[in-house]
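All chains are named by letter (A, B, ...) in the order of the sequence lines, taking the proteins before the strands, and each is independently numbered beginning at 1.
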Amino acid sequence: MSDVKLEDIVSLAKRRGFIYQGSEVYGGLSGTWDYGPLGTKLKRNIKDAWLKMFVDGWDDMHQVDAAILMNKKVWEASGHVDTFTDPLVECSNCKSRFRADHLEGDKCPNCSKTGTLSEPRQFNMMFRTNVGATWGSYENRGGNIVSGDISVKNQNGEKIDGFSIKEDRNDRNSVMVYDVNSVSYLRPETAQGIFTNYKNVLDSFYPDLPFGIAQIGKAFRNEISPRDFVFRSREFEQMEVEYFVDPAKWEESFEHWRKDIHVFLEQLGLDKDNIHELEVPEDDRAHYSKRTIDFEYDFPHKKDELLGLAYRTDFDLKNIQENSGKNMEYTVKGTNEKFIPHVIEPSFGVERLLMAVLSSAYKVDEQNGEQRVYLALPEDLAPVRYAVSPLLKNKPELVAKAREVYKALKKKYGNVMWDDNGNIGKRYRRQDEIGTPHCVVIDFDTLEDGTVTIRDRDTTEQKRVKIEEI
RNA sequence: GCGGGCGUCGUAUAAUGGCUAAUAUGCCUGCCUUCCAAGCAAGCGAUGAGAGUUCGAUUCUCUCCGCCCGCACCA
């Protein structure tokens, strides 16, 4: 288990400019987090590592970047509009909640009253409207009105469930209803942006099977209770691949992915002992999946899902073919064999990886009798790779030389920070906390022989090297 | 969503129905400092938002917002 406290991570993330509460100046917005300069860099490095490994590192991988807003039909065909809900019911008497499919009859299992169970569902799609809201009426069920817990009729008198609805405070029988025809959903997964472009990529490249289409992008879910820092939020970033395979060979590719995922996680510095594979049983799998492995990680809050690997069959392409009328078949070159490819889908959450990286890198040790906190980030992930300091900042010749070294390193590596704050010990501690692997210090010897000291974050040891050798 | 707890400088804590809301750290300016949070001096910085009670509210009450914990949920 992780022995780092979540609050320590949150505090450091805030203090050092990794992650801030979303909309903080206005009191925040539940389930949103903003990334500060270092958090943005760390996130970028994680995404780069992923691209390097799975897109650049695999053959026949094609990256796309689809629009977040998509035609409504995408989500109707994918099954999300119908099934992407939590089938909960609530007792209007005792307020307890239950899964609708676990109940028998209309008796509340908690307080035993009958006829008190509502007909709610939590709609997990987020959406935006293209035009302003209109006013409509709803069937008042009595008691407290809860958004998502009432039904709304559209202009044709048909019941529409699940939309977030705002009460008119002046008239409790009137609510604001969004015009259904103007709705476009915020994608709850990036996958559909890939499937909808499958045909386009085929037309441009016609890659041999197996091949993959990769995408990194934001996704949105109307989570009931965002929780555990950035672990579960309403807006998050996914890195997904749809890997198209011959249905007869899906297991081979599945296994390939499974292995590479472990390699990747190790590269991020995650401890093998904290990573657990969970074979998801049929009952818990998504509606499209024939096999799913959840990769779980020992987070500070608890063991929880880090990413998923799913065999998605031909569910999506088949749906698209049926709903769009367009042919999604793949023709094997040479044999002219035709079939709809099946799909292996590894799905990574950037924030979850970031949280795992932070919590595994968070270390506390003792230096000269004092507690030291440092982030043992892998070199490629560290937001700052080199910090450059003059040993003393009131000696112009040292400062000038240090500036020179800084400029050269900055040009070479990019993520290099100038630091002349306080004294040298303070700088080391500060750089430790943001996970800078190397501190370069220019002293009087540098002026003589062109060598500098490089101090290592994890061991605190220093050695002298020529400037050019860095 | 329900129930419980909480919300004070960037961070970590203290205190208070009435005095300039304190301490450490941080940040900033200057001095000093020849390698692991040294020192001196000056400065910056907070009661989540709104309403109510009150002569007076950061403190009491209510609503909202947010965070944490439990339940539930997370195809």
When you get a sec, tell me which of B:C35, B:U11, B:A37 is the closest nucleotide to the side chain of A:Arg15? B:U11
Give the nucleotide from the list B:G10, B:C32, B:C35 with an atom nearest to the side chain of A:Lys393. B:C32
Kindly point out which of B:G10, B:C28, B:C36 is positioned nearest to the side chain of A:Asn421? B:C28
Nearest-angstrom distance, C1' atom, B:A41 to B:G5: 44 Å
Name the closest nucleotide to the A:Arg221 side chain, picking from B:A37, B:C67, B:A75. B:A75
Ignoring backbone atoms, test whether A:Arg430 places a side-chain nitrogen or oxygen under 4.0 Å from the OP1 or OP2 oxygen of B:C27. yes
At 4.0 Å (heavy atoms only), tell me whether A:Gln367 reaches a base, stays on the sugar-phosphate, or touches nothing. nothing
Counting side-chain heavy atoms from C-beta on, which of B:A72, B:U33, B:C36 comes nearest to A:Thr460? B:C36
Within the pair A:Asn394 and B:U33, is there a side-chain N or O less than 4.0 Å away from OP1 or OP2? yes
Taking only the side-chain heavy atoms of A:Asn423 (C-beta and beyond), determine which of B:U11, B:A37, B:G70 contains the nearest atom. B:A37
Go nucleotide by nucleotide along RNA chain B from the 5' end; which of A:Val441 and A:Glu189 gets its closest nucleotide reached first? A:Val441
Check every atom of B:U33, B:C35, B:G66 against the side chain of A:Lys395 and return the nucleotide holding the closest atom. B:U33
List RNA chain B stems (3 or more consecutive Watson-Crick/G-U pairs, under 3.5 Å)? B:1-7 with B:65-71, B:10-13 with B:22-25, B:29-31 with B:39-41, B:48-52 with B:60-64
